[in-house]
Amino acid sequence: MSELLHNLNPEQLQAVTLATKDENGNAQSALILAGAGSGKTRVLTTRIAYLIQTGQISPIGILAVTFTNKAAKEMLARLSGMMPINTRGMWVGTFHGLCNRLLRAHFNDAGLPSTFQILDTQDQLSAIKRLLKSLKVDDEKYPAKQLQYFISNAKERGNRPKDMSPADEFQGVMIRLYQAYEEQCLREGVVDFSELLLRSYELLKHNEPIREHYQRRFRHVLVDEFQDTNTLQYAWLKLLSGHSTSHPACVFAVGDDDQSIYAFRGADVANMRLFEKQFHPLTVKLEQNYRSHANILDTANHLIAHNKERLGKNLRTDAGHGEPVRLYEAASDGTEASWLIDEIRNLINDGMTRSEVAILYRSNAQSRIIEHGLFSAGIAYRVYGGLRFFERAEIKHALAYLRLMENPNDDTSFSRVVNFPTRGIGARSIEALQDIARTQQSSLYAAASFLEGKPGSSISSFIRLIDHMRDATRKNTLPELIDYVIQHCGLIQHYLAEKEGQDRIENLQELINAATAFVAEEGLGQDAVALTPIELNTSLPVEPLFDTQGTASTTPTEMSPLAGFLAHASLEAGDNQAQAGQDAVQLMTVHASKGLEFKVVFITGLEEGLFPHENSINEPKGLEEERRLMYVAITRARDRLYLSHTQSRMLHGQVRYNMPSRFLEELPKECLKLLTPKHSESRWGNVARQVNPSWGNASLGHDLPTAKSFSKTSVIVPSTKSNNDHGFYVGQNVFHPKFGEGRITGFEGNAPDTRAQVNFARHGVKWLQLSIAKLTAI
DNA sequence: CTCGGTGCGGTTTTT
DNA sequence: CCGCACCGAG
């Protein structure tokens, strides 16, 4: 025990050892406000170990929930490092993974077939498109994307169609489409991501024996990244933890309101305050930071202090001031990239490990020019984001064959592969199938089987193929099965004939390896493990648990390895790291960087409209979230932090002149070191003084043999001469008595009606007639 | 069915 | 500017 706790600082120790009962002997919940780099995961896992080792709970009485598979894996790994326990029986996983586990165990009570499949976001969208088509809905008026958003949103608020009342006709249609979508999913035996949550919530809510069972089992519920929970997840936790019952569990929530950056996908920081109000937790703040030097932390603290909606927290460190935060103003995105590359090259020459250097940006579009520069300079880099393994088209195709074998009602999978590779089943035949399916209320597969009257037809041979593969692999192991299917379904042959099919074939081979790993690592499959009857540890004060008589339908189910693997594939899309293992500079969005740390961090594109993003600028909530995003970015850096912005940037095919980000002004000057001296004279520098005719090539400082688009974007030389009668030029910094400072981004019309487009720092883009507006150069 | 043209839209992303 | 979704021709 002592070695478990002796490395903790006082606040961590306090958090880990918080009482589990209040003065009245009731369960006591806790809220840990864990700042960036304060040892959050450590506290969470040590808390679990502490509870177990002090005999307060058996491992089976613990439920720990995270948002990502990565976090769940890390937690399990750390736990097994701390204690000699078998983590298999523990419920540690993502919200979706745990819900899946719950629904697999109680599929019957949840109203699902035992073979239910999980739709990922792509699958869901294609299911919706199919639905709209079959209902002959005008998809101009009711776009599939929008319906998808509508449905997810409704579910994440816990709403079924019947719970919703339309405010207008449009909503009325959306609700009816939502209803139809539900019917389709049920008919096909599929559930989408939000459905996993909602359905398991409803299962617990409406089925008393099951609810009682889990409430009495899980005496300790621990939640990671609590600030990222949405309404439904909060309700799920509240229900599962038996809040407001006679036997509530202890909820241990760990989060950081300052790092809440997912409101756009439904996360609601307000859940933290709600939790305080409803659970009356003991609160501990972890403010000791073990990651960054003081200059970096001060910068972060100073920035985030501008947010009004905070629970309040300030990071501190014992590390020294360290280096100042470096700020660079570039003339264009091209020069920003070349400066970055020069700096990185110097760092590498000084012995810096590439993978300790991260380049962060607000949006993915910014990576292109940086990648180009790195590539030309021959610096290995890795971009995070993009397609992950199980999202690749060829993998999705192979999985669709497998899913169809497992669940013939899965029309999404049927549609995906019925004519891929092409076997002469065109839109006409599929429409015919859909008609039959609709009239007899059956799946496409059943409709196709119905057509077996025409034995020679392409459709019936497709059905025979699926049936044959199912029969032929009945006795095979999972990897053998998958091997057989990819060999026989025609995908390999198809890609062999394709010019660039080799990579895809390799990925298909990799799928077999993934299955091998799945079988080896997970045994039956961690997510898929059927509910094992709970062994009672009589030495622990655990209440009677499993009433097998009363809940006959909760009998564990044998799940096929294939079903387990398919669920795994949907729930864990896999890595998206291109060349893992290689020492490479890390490129990613700020969002993707959350939870990571690097010795050196570059935050690029700190410009109004980009960061903060223009879509967020107008609402205070949006702006505060952008600021938190900046806070996350800053706190990724251990030793050195670079910030950069540019005067001009190519975006959406045109050059934009952005003002420096307002966030730059919110940083403490004493922590900053300006790398561009001009910066100190004028807040944004002065384009005229910085103009250099060699922009775009010579100033890159190294040869760029293939820098075609590079020079295209960086040869943006704002006209310095005022070859017109008003004397203003694009890129010029100007002052307006009402709108303040801004930069000219364009002109239109001729004197005396010439109008200038000005991007004002505080008022956005305006068109001003030069003969009227009192515009002065600064 | 496949290829090539056009037109449009374009933050952030995990499950 | 770039990627896609959709449409019409072969």
Side-chain angles (χ1 to χ4, degrees), chain A residues 65-72 93-100 118-126 129 139-140 143-145 149 152 155-156 191-198 224-225 228-230 232-233 260-267 333 360-369 372 384-388 390-391 419-430 458 498 527 567-574 576 588-595 605 609-617 622 625-626 628-630 632-633 649-656 708-710 712-713:
Chain A
V65 59
T66 64
F67 278 86
T68 65
N69 292 300
K70 200 174 151 199
T94 62
F95 277 102
H96 295 84
L98 296 177
C99 287
N100 177 51
I118 301 163
L119 300 183
D120 67 17
T121 313
Q122 276 179 47
D123 298 332
Q124 186 190 24
L125 187 63
S126 51
K129 283 181 178 165
D139 56 1
E140 300 264 292
K145 274 255 170 65
Y149 177 80
S152 305
K155 288 187 181 182
E156 278 160 21
V191 297
D192 59 45
F193 283 140
S194 351
E195 184 71 22
L196 284 172
L197 257 308
L198 181 53
D224 192 16
E225 305 280 15
D228 287 340
T229 51
N230 63 31
L232 179 56
Q233 285 158 343
S260 159
I261 56 172
Y262 287 110
F264 72 91
R265 66 177 196 215
D333 47 358
L360 309 184
Y361 34 80
R362 175 65 179 82
S363 65
N364 286 305
Q366 288 166 254
S367 77
R368 176 180 292 273
I369 191 161
H372 193 101
Y384 282 74
L387 270 199
R388 313 199 356 262
F390 287 111
E391 290 167 357
N419 198 35
F420 193 95
T422 33
R423 38 176 81 83
I425 306 172
R428 230 182 18 258
S429 332
I430 292 171
S458 321
E498 219 177 46
D527 281 340
H568 167 81
S570 302
L571 288 171
E572 189 167 354
N576 49 17
M588 65 193 81
T589 63
V590 180
H591 282 93
S593 76
K594 188 173 159 206
L610 239 172
F611 198 178
H613 196 274
E614 55 194 345
N615 297 1
S616 315
I617 283 177
E625 177 144 325
E626 294 287 310
R628 292 192 292 267
L629 199 49
M630 179 68 182
V632 167
R649 177 179 298 279
M650 181 70 113
L651 197 67
H652 299 331
Q654 55 179 349
V655 181
R656 305 200 348 177
K708 266 178 277 164
S709 65
F710 204 32
K712 220 189 294 171
T713 50

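- Checked by atom type and distance alone, the side chain of A:Asn419 pairs as donor or acceptor with a backbone atom of A:Arg423 at under 3.5 Å.
- Not a single donor-acceptor pair, N or O on each side, falls under 3.5 Å between the base of B:dT14 and the side chain of A:Thr94.
- Aromatic stacking of A:Tyr262 on B:dT13: not satisfied for centres closer than 5.5 Å together with planes under 30 degrees.
- For the pair A:Gln366 CD and B:dG10 P, the computed distance is 17 Å after rounding to whole Å.
- What you find for A:Phe611 and A:Gly605 is that their closest heavy atoms are CB-O, 3.7 Å.
- Panel note: side chain A:Ser194, backbone A:Lys155; no donor-acceptor pair is recorded below 3.5 Å.
- In this structure, A:Ser570 reaches neither bases nor backbone, as no heavy-atom distance under 4.0 Å exists between it and the strands shown.
- For A:Phe264 and A:His591, the distance between ring centers is under 6.0 angstrom.
- Contact annotation for A:Glu626: base contact, defined as any heavy-atom pair under 4.0 Å involving a base atom.
- Counting non-hydrogen atoms under 4.0 angstrom, A:Asp228 reaches nothing in the nucleic acid.
- Summarising the geometry, the separation between CZ on A:Arg368 and P on B:dT11 is reported as 14 Å, rounded to the nearest angstrom.
- A close approach under 4.0 Å does not occur between any side-chain nitrogen or oxygen of A:Asn69 and OP1 or OP2 of B:dT14.
- Using a 4.0 Å cut-off between a side-chain N of Lys or Arg and a carboxylate O of Asp or Glu, A:Arg388 and A:Asp120 do not qualify as a salt bridge.
- Atom CD in A:Glu140 sits about 12 Å away from atom C1' in C:dA5, given to the nearest Å.
- Nucleic acid contact class of A:Ser616 (heavy atoms, under 4.0 Å, all strands): base.
- Annotated as syn: B:dT11, whose O4'-C1'-N torsion sits within 90° of 0.
- Within 4.0 Å (heavy atoms only), A:Phe264 reaches at least one base atom of the nucleic acid.
- The distance from atom OH of A:Tyr361 to atom P of B:dT12 is 10 Å, rounded to the nearest whole Å.
- Of the candidates A:Asn230, A:Leu232, A:Leu197, A:Asp228, A:Phe95 forms a side-chain contact (heavy atoms from CB on, under 4.5 Å) with just one, namely A:Leu197.
- Between the CG atom of A:Leu629 and the P atom of B:dT12 there is a distance of 11 Å, rounded to whole Å.
- The CG-C1' distance, from A:Leu125 to B:dT13, rounds to 15 Å in whole Å.
- Proximity of A:Arg628 to the phosphate of B:dT12: no side-chain N or O atom is located under 4.0 Å from OP1 or OP2.
- Not one side-chain nitrogen or oxygen of A:Arg388 sits closer than 4.0 Å to the OP1 or OP2 atom of B:dT13.
- Both A:His96 and A:Glu625 lie near DNA chain B, and the one whose nearest nucleotide falls closer to the 5' end is A:Glu625.
- For A:Ala573 and A:Ile425, each mapped to the nucleotide of DNA chain B holding its nearest heavy atom, the one lying further toward the 5' end belongs to A:Ile425.
- Nucleotides B:dT11 and C:dC6 have their C1' atoms positioned 25 Å apart, rounded to a whole Å.
- Look at CD on A:Glu156: it is 12 Å from C1' on B:dT13, rounded to the nearest Å.
- Between the P atom of C:dC2 and the NE2 atom of A:His372 lies a distance of 11 Å, rounded to the nearest Å.
- Salt bridge status for A:Glu626 with A:Arg362: present, with a side-chain N to carboxylate O gap under 4.0 Å.
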| Working for side-chain contact (heavy atoms from CB on, under 4.5 Å), residues A:Leu571 and A:Phe193 | CA-CA 8 Å; A:Leu571 288 171; A:Phe193 283 140; 4.1 Å; yes

| message | Dot-bracket for DNA chain B, please. Rules: Watson-Crick or G-U, both distances under 3.5 Å, ( ) within the strand, [ ] when a pair crosses earlier ones, | for another strand, . otherwise. | response | ||||||||||.....

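- Residue A:Thr589 has a polar side-chain atom (N or O) positioned under 4.0 Å from OP1 or OP2 of B:dT13.
- Taking the side chain of A:Arg362 as heavy atoms from C-beta on, and the options B:dT15, B:dT12, B:dC1, the nearest nucleotide is B:dT12.
- Looking at the side chain of A:Phe193, the nearest of the listed nucleotides B:dT13, B:dT11, B:dT15 is B:dT15.
- The side chain of A:Met650 approaches C:dC1 more closely than any other nucleotide in the set B:dT12, B:dT11, C:dC1.
- When the side-chain nitrogen and oxygen atoms of A:Asn364 are compared with OP1 and OP2 of B:dT13, one or more of them lie within a distance under 4.0 Å.
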| said: Apply side-chain contact (heavy atoms from CB on, under 4.5 Å) to residues A:Gln366 and A:Ser363 and explain how you reach the verdict. | reply: CA-CA 6 Å; A:Gln366 288 166 254; A:Ser363 65; 3.4 Å; yes

